[in-house]
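The next block holds one structure in the form of structure tokens; read it before the comments.
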Amino acid sequence: MIKIENLHKTFGKNEVLKGISTEIGQGEVVAVIGPSGSGKSTFLRCINMLEEPTEGKILFKDQEVTTQASKIQQIRKKIGMVFQHFHLFPHMTVLDNLTYAPVTVNKMPKREAEAAARELLKRVGLEDKEGEYPGRLSGGQKQRVAIARALAMNPEVMLFDEPTSALDPEMVKEVLDVMKSLAQSGMTMAIVTHEMGFAKEVADRVLFLDGGILVEDAVPAKFFAQPKSERAQAFLEKVL
Amino acid sequence: MFKKTHVLLTLVLLVIFSLAGNVLPGQHQAAAKEKHNKTLVMGTSADYAPYEYIDTAKGNKIIGFDVDVARHIADKLGYNLVIKDMDFNGLVPALDAKRVDFVMAGMTPNAERKKKVDFSNTYYKAKQLIVTNDPKIKKIEDLKGKAIGVQLGSIQEKEAKKIADKVDNVTIEKRNKVPDLVQEIMSKRFNAAVIEDGVAIEYLNKNPDLSSFVIPGSASAGSAVAFQKGSDLTEKFNKEIAAMKKNGELDQYAKKWFEPKTEKKAEKKSIVDFSTIMPSIPYILKGILTTLKFVVVSILLGFVLGTILALFKISKVNVLRWGADAYTSIFRGTPLILQLLIIYNATPQLTGYKIEPFLAGVLTFGLNSAAYVSEIIRAGINGVDKGQREASMALGVSYGSMMRQIILPQALKNILPALMNEFITLTKESAIIAVIGTTDIMRRAQIVGADTYRYFEPLITAGIIYYLMVMALTVLGRMLERRMSRGD
């Protein structure tokens, strides 16, 4: 579904990604892990062009994302994204947050969008919050709304950029549970995360990045049991 | 949510168009009866009683000696008369710009003016008086070491210079209007002023403290009608003036307006007396509509333009960014009144388009305000969390929708107090448009002052009106703020 070829990204003089190539298949759940500063988030943000790659190619369903600035909006509609800090629209109610993009971008009739949004809210367990403004929700609730907002566009892929890092510990589970059920429903997902337990349990593959290089690409059982590289070993020793 | 913004936008556009459609300034005065099918436009400065002024207690009609004479002549020549009121200094430029067909404003033909316009023969000769409230000043020599006031660019200014040549230490102070001169005398900033007899008589009648004497050998160039260079009206007017002189009609008008009234030497009035201007207050109140209309259109124009400029300023296109920055720099770096006079006076000179005072004012204030508003909005946009932009982009939302529905609404909430401040400033500064003769609150207060010879009362009245308008804006701002902060 997504193919990444020789991806480079440089900020000023700082080369954050040094040539990454990999693929994410249909229905696959990929966990991207690594020490901070390893380029995980940048990698994820390149996939929907929130960061423009300095070099290399990204293909979404065989369409080249990187060279088609004009089509990027069309492609982004198919790629949902969830941010560490939620980025809900604070001036809109929860329901409006969910219906905004379907109505504005996809020209979906408002009534239909609202019905779909209510369905999604039920799915993330927030059906009673549709009239609230984001400012009144807890962190975990906000992130669940953010997931529902991304899902409202019916994406084919979901990108998660450290979705639980900004949450109080007691709220992590409710978000992970939503993600888990999403994974089970067959959604293609790329998740940058520090939740090793979650990666182990839910991911089909683990990508381990360090210093802008894709150091390991393995199934979780293998990666967590016996990482090949020293860097991965050192990292796992620290976090586990 | 979106519906609301659309309704608002539609409303804004409606207001702009409807107002742009009827930018008729309030000072047109059609002849009472449209008995001819041709029309002559006369320019005058209606603060020069008894030549031309507005009896503000009775309405907003311009009356006076000049008006009677003009109406008489126009009628004889087969024209309807329309009178346009403006600042005295704007009269010759108005002729130049063909805004008016002729000017009658107690204007004296002098060499400078003759360079730009043609004059008729004089229809009234006046004597120049020294008007003072110092009983010790009885002859020219008594003016030694004194300050005397004159109207800027008037024949009296020349007269004052002659006095200064003869008498030691005379300082000459210039003001735009005769009422200002009298006011300065009352405030004891001037010891005396040079005013022509016909005008001075009204002040002397109403003010027992003032005394006067004729300046010996004073030039009596007299008042004449001014026309565009080469106008064929000059000869026609000359013929009619000659006829009126011959059959005594001119004398009759002069008697009507210049003879001292029997009620001379009225009892001394108390220092502050609102009863004298009471009948004129409705006249001032009518200015609220003009000011409001002006302020609303200017704010809308400034806001729309300011938003566009703000978007230019954050754009990635260098030309747009530089353009918007240069624009702001120019409009913030020069005085507002200068911009107003350039747009009002230079537009006809450069393009031939006779821009109306209201339109010129709205343009100036809108363009000027846009410079400030764009800075406020730019700061507001930059103040919105970058994540909002990313979240919108990730959802495939277009730049336009993102700005209109996500970024700007949040920016506006943060900058509302700063915007309200700008709108309040604009409301107060709108008083400047009085300069180009728009009959707003300020101009009307000045006209009432000129008519009633009292200044404190009409100005305080105007002040109260402005204050109440600003208070209303402040309250509105607070209400908006409260509304927008729901959800926090």
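Quick note on labels: first sequence line is chain A, next is B, and so on, each numbered from 1.
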> Can you name the nearest heavy-atom pair linking B/L416 to B/G477, along with the distance?
Replying inline: CD2-O, 3.8 Å

> Applying a criterion of heavy atom separation less than 4.5 Å, what residues of residues 310-338 of chain B form contacts with chain A?
Replying inline: none

>> salt bridge (charged side-chain N to carboxylate O under 4.0 Å, His left out), that's the test. Do A/D96 and A/R149 meet it? Break it down for me.
In response: CA-CA 9 Å; A/D96 284 338; A/R149 177 177 69 175; over 6 Å; no

> What is the minimum heavy-atom distance between B/D440 and B/A434, and which atoms define it?
Replying inline: OD1-CB, 3.7 Å

>> Does any part of the side chain of A/Q84, heavy atoms only, come nearer than 4.5 Å to the side chain of A/Q143, both counted from C-beta?
In response: no

> Between A/M187 and A/L151, is any pair of side-chain heavy atoms under 4.5 Å apart?
Replying inline: yes

> Applying a criterion of heavy atom separation less than 4.5 Å, what residues of residues 364-387 of chain B form contacts with chain A?
Replying inline: B/D385, B/G387

>> Do B/L340 and B/I432 have side chains that approach each other closer than 4.5 Å (heavy atoms only, starting at C-beta)?
In response: yes

> Given side chains that start at C-beta, do those of A/V157 and A/I24 come closer than 4.5 Å, heavy atoms only?
Replying inline: no

> Between A/V105, A/V82, A/L159, A/N106, which has the largest tally of heavy atom pairs under 4.5 Å with chain B?
Replying inline: A/V105

> Which heavy atom of A/R205 sits nearest a heavy atom of A/E23, and at what distance?
Replying inline: NH1-O, 2.7 Å

> Considering only heavy atoms, which portion of A/F89 lies under 4.5 Å from any heavy atom of chain B: side chain, backbone, both, or neither?
Replying inline: both

> At their closest point, which heavy atom of A/T93 faces which heavy atom of A/G131, and how far apart are they?
Replying inline: CG2-O, 3.7 Å

> Between A/L88, A/I79, A/N48, which shows the greatest number of heavy-atom pairs under 4.5 Å with chain B?
Replying inline: A/L88

> Taking all non-hydrogen atoms of both residues, which atom of B/I436 and which atom of B/A360 are closest, and how far apart?
Replying inline: CD1-CB, 4.4 Å

>> Out of the candidates A/R76, A/K77, A/K61, only one should pair with A/E156 under the salt bridge (Lys or Arg N to Asp or Glu O under 4.0 Å) rule; please name it.
In response: A/K61

